[in-house]
Amino acid sequence: MLTEAKIKKLAVKPKRYRVYDDRVTGLQVIVRPTGKKTFYLQTRIGGKLTDIKLDHTDNLTLRAAREKAGEKLIEIKNKPTKEEEKAQKIKFGEFVEERYTPYLEASHTNPKASLWILEHCFKDLLKIPMAELGYDDVQKWHTKNKGLAPATINRRIGSLKASLEKARLWGFITSNPIADWKKVKVPKEPVELLTEAQVQVLFEVLAERDKRRWEQREAYNEWRRERKQETFPDYDDLELRFTDYLTPLVQLVLNTGLRYGEAINLKWADINENVITARSSKTGSFRYVPLVSDSIADLSQLKRLNEANCGKATSNIFVDDNGKAIKSVKTAWNNIRRQLPFDCDFRMLRRTFGSRLVQKGVPVYHVSQLLGHTNVQTTQRWYLSLNLDAYKEAVRSIDDFLSV
């Protein structure tokens, strides 16, 4: 280990030589034939071994040399490489298009949602160089979009935060500028669900739709018979109570609590002994959900309808008249919603299923598993407040106690 005394006693030799310090890696004194003694720091920069001159021993004490060497090492460590500097110059939009999109498409089951958020919701950020993208830019976006629901804001900034974290890990930025972003508090509100009377109204509207379609099919087949043309499958002969996929889809979600995406993508192979294997693109997991008798009957009828329309068995459960898996029921479902005196969407059907279980006294763990919640606390937060009968019974026990 070097000391001030040892440095002063270093002998002058015909050739330059080095004396290393044991305290700071790379710190050394180079003694020249002229007698000049100089502090140097030897380290690798970009993979190349480099000597960095600090100062002559006459101008710098050993303690100061050690401090200066430590500062240099930190500075070198934090300095980005040429590759990192090049990466940090690209714009956020280029990063999303060239690096993040291929990653999402290769590793995520549903990349479109995250990409839509980045490309449309944060389109003003796409033009900013990665190294310049900061917390203030996101704060400005938040202020501009403060009218959005808290959950929507959290979901969108969460997607942005995830992309920037990948950029940090891949060396495009040195730190995630919104790593410390706090989620907006989402106020707890009563869960929206349908009453049994509203469920009845919903199926009356669906039945009216099927009745109209039934009459249209009969009229069209009669028109074709008069012209000696081949008719379409007759719903009476098939012993059906509906005319396409919409009614059984609504019934299935209401009776199983499946998410809309889980239900619409179901295949016949996913049903075994009247139990559905539901695969979630949201959580990447699967669960088993038993079918009730109404849904079993509906699916049996739907299978006959699909085969009659297509002339062969289909792999997907919910298909159009040509046997192609349906991607959306938005048009048909919105026509139904406009006829209802109350709001209704597929999430409300799913929540109604959960509320029915809770009100029947099904253990919350079983409800959580059937709904596919990754955390039972989610079920407790949204559904346990629905068990009003249990609360009334608890309060009634106080009346019984006071009356004694």
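Model, not experiment: these values are computed from the prediction. Residues take their numbers from the sequence shown, with the count starting at 1. Values below: every heavy atom of this structure, side chains too, minus hydrogens, waters and symmetry copies.
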Practice prompt. Give the minimum heavy-atom separation between F342 and Q198, together with the two atoms involved.
Written response: CZ-O, 3.3 Å
Fill in: Intermediate values then yes/no, side chain to side chain contact (heavy atoms under 4.5 Å, CB included), S328 and W333
CA-CA 9 Å; S328 171; W333 180 237; over 6 Å; no
Discussion item. Less than 4.5 Å apart, side chain to side chain, heavy atoms only: is that true for F353 and L258?
Written reply: no
Item to complete: Please say whether more than 12 non-hydrogen atoms of neighbouring residues, nucleotides or ligands are located less than 6.0 Å from CD in E97.
Response: no
Worksheet item: Hey, does the side chain of R350 reach the backbone of T256 with a donor-acceptor pair shorter than 3.5 angstrom?
Response: no
Practice prompt. Measure the shortest side-chain to side-chain distance between F172 and L164 over non-hydrogen atoms and say whether it is less than 4.5 angstrom.
Written response: no
Practice prompt. Check E165 against N176 and note the closest heavy-atom contact, atom names and distance.
Written response: OE1-ND2, 3.2 Å
Worksheet entry | Side-chain donor-acceptor contact under 3.5 Å, K267 with N316 | yes
Discussion item. Would L299 and W268 count as a side chain to side chain contact (heavy atoms under 4.5 Å, CB included) here? Give the steps.
Written reply: CA-CA 9 Å; L299 292 176; W268 293 110; 4.2 Å; yes
Worksheet entry | Straight-line distance of N154 CG to T152 OG1, nearest 0.5 Å | 8.5 Å
Fill in: Test: R23 and D21 ion pair at under 4.0 Å
no
Worksheet item: Are the side chains of L349 and V199 in touch, meaning some heavy atoms are under 4.5 Å apart?
Response: no
Worksheet item: Is a salt bridge present between E71 and K68, judged by a nitrogen-to-oxygen distance below 4.0 Å?
Response: no
Worksheet item: Shortest non-hydrogen contact from V319 to I326?
Response: C-CG2, 3.7 Å
Fill in: Enclosure of R347 CZ (heavy-atom neighbours >12, cutoff 6.0 Å)
no
Practice prompt. May I ask you to check whether over 12 heavy atoms, not counting those of E230, lie within 6.0 Å of atom CD?
Written response: no
Fill in: Distance-minimising heavy-atom pair for V205 and Q339
CG1-OE1, 3.8 Å
Item to complete: Taking T277 for its side chain and Y288 for its backbone only, find out whether a donor-acceptor pair lies under 3.5 Å.
Response: no
Worksheet item: Which of parallel (below 30°), tilted (30 to 60°) and perpendicular (above 60°) describes Y220 and W223?
Response: parallel
Item to complete: Would you confirm whether R217, through its side chain, and P233, through its main-chain N or O, come within 3.5 Å as a donor-acceptor pair?
Response: yes
Discussion item. Tell me if a side-chain donor or acceptor on T352 pairs with a main-chain N or O of M348 at a distance below 3.5 Å.
Written reply: yes
Discussion item. Any non-hydrogen side-chain atom of L202 less than 4.5 Å from a side-chain atom of V250?
Written reply: yes
Discussion item. Determine whether E94 and R99 satisfy the following criterion, salt bridge (Lys or Arg N to Asp or Glu O under 4.0 Å), listing intermediate values before the conclusion.
Written reply: CA-CA 8 Å; E94 294 172 333; R99 290 296 304 275; over 6 Å; no
Discussion item. With a 4.5 Å cut-off on side-chain heavy atoms, are D55 and T38 touching?
Written reply: no
Discussion item. Distance to the ring centre below 6.0 angstrom and angle to the axis at most 45 degrees; does that hold for K161 and W181?
Written reply: no
Item to complete: Please round to the nearest 0.5 Å and tell me the distance separating atom CD of Q251 and atom CG of L302.
Response: 12.5 Å
Worksheet item: With a 6.0 Å cut-off on ring centres, are F318 and Y245 close enough?
Response: no
Response to the item:
Taken to the nearest 0.5 Å, the spacing of R156 CZ from L148 CG works out to 5.0 Å
Worksheet item: Among N335, D244, T247, which residue meets the side chain to side chain donor-acceptor pair (under 3.5 Å) test with R209?
Response: D244
Discussion item. Before you tell me yes or no, could you show the steps for K303 and E307 under side chain to side chain contact (heavy atoms under 4.5 Å, CB included), namely the whole-Å CA-CA distance, both residues' side-chain angles and the distance that decides it to 0.1 Å?
Written reply: CA-CA 6 Å; K303 196 168 191 177; E307 292 178 359; 3.9 Å; yes
Item to complete: Give a yes or no answer on whether the side chain of N306 reaches the backbone of I317 with a donor-acceptor pair at less than 3.5 Å.
Response: yes
Item to complete: Identify whether the distance between the nearest side-chain nitrogen and carboxylate oxygen of R212 and E215 falls below 4.0 Å.
Response: no
Item to complete: Verify side chain to side chain contact (heavy atoms under 4.5 Å, CB included) between N309 and N322, making sure each step is shown before the conclusion.
Response: CA-CA 7 Å; N309 285 334; N322 297 316; over 6 Å; no
Worksheet item: Does any non-hydrogen side-chain atom of L206 lie less than 4.5 Å from one of F242?
Response: no
Discussion item. Donor-acceptor pair, distance only, cut-off 3.5 Å: does the side chain of W141 make one with the backbone of C121?
Written reply: yes
Item to complete: Mark yes or no for whether R32, through its side chain, and R16, through its backbone, hold a donor-acceptor pair below 3.5 Å.
Response: no
Worksheet item: Is a salt bridge present between E262 and R287, judged by a nitrogen-to-oxygen distance below 4.0 Å?
Response: yes
Worksheet item: Could you give the distance from NZ (K8) to OG1 (T57), rounded to the nearest 0.5 Å?
Response: 9.5 Å
Practice prompt. Drop me the distance from R259's CZ to N265's CG, to the nearest 0.5 angstrom.
Written response: 13.0 Å
Fill in: Euclidean distance, I271 CD1 relative to L291 CG, rounded to 0.5 Å
5.5 Å
Discussion item. Please check if the number of heavy atoms outside F203 that lie under 6.0 Å from its CZ is greater than 12.
Written reply: yes
Item to complete: For the pair R337 and D343, find out whether any cationic side-chain nitrogen is under 4.0 Å from an anionic carboxylate oxygen.
Response: yes
Discussion item. Tell me whether K91 contacts the main-chain N or O of M130 through its side chain, where contact means a donor paired with an acceptor under 3.5 Å.
Written reply: no
Worksheet item: Do the ring centers of W170 and Y103 come within less than 6.0 Å of each other?
Response: yes
Worksheet item: Is there a salt bridge (Lys or Arg N to Asp or Glu O under 4.0 Å) between D124 and K144 once you walk through the steps?
Response: CA-CA 12 Å; D124 292 340; K144 184 178 177 181; 3.6 Å; yes
Practice prompt. Assess whether atom CG of N334 is packed by more than 12 heavy atoms of other residues, nucleotides or ligands within 6.0 Å.
Written response: yes
Worksheet item: Got a donor-acceptor contact below 3.5 angstrom from the D320 side chain to the K324 backbone?
Response: yes
Discussion item. Counting only heavy atoms not in E239 (residues, nucleotides, ligands), do more than 12 fall under 6.0 Å from its CD?
Written reply: no
Worksheet item: Do NZ/NE/NH1/NH2 and the carboxylate oxygens of E4 and R63 come within less than 4.0 Å?
Response: no
Worksheet item: Taking NZ, NE, NH1 and NH2 as the nitrogens, is one of them in D270 or R279 under 4.0 Å from a carboxylate oxygen of the other?
Response: yes
Discussion item. Quick check: do K53 and L41 have side-chain heavy atoms less than 4.5 Å from each other?
Written reply: no
Practice prompt. List the atom of I173, the atom of A131, and the distance in Å for their closest heavy-atom pair.
Written response: CG2-N, 4.3 Å
Practice prompt. Check V29 against K37 and note the closest heavy-atom contact, atom names and distance.
Written response: CG1-CB, 4.1 Å
Worksheet item: With a cut-off of 6.0 Å (strictly less than), are more than 12 heavy atoms of other residues, nucleotides or ligands near CD of Q377?
Response: no
Discussion item. Determine whether a donor-acceptor pair (N or O, by modelled atom type, separation under 3.5 Å) exists between the side chain of T101 and the backbone of V96.
Written reply: yes
Worksheet entry | D51 and R18, any side-chain heavy atoms less than 4.5 Å apart | yes
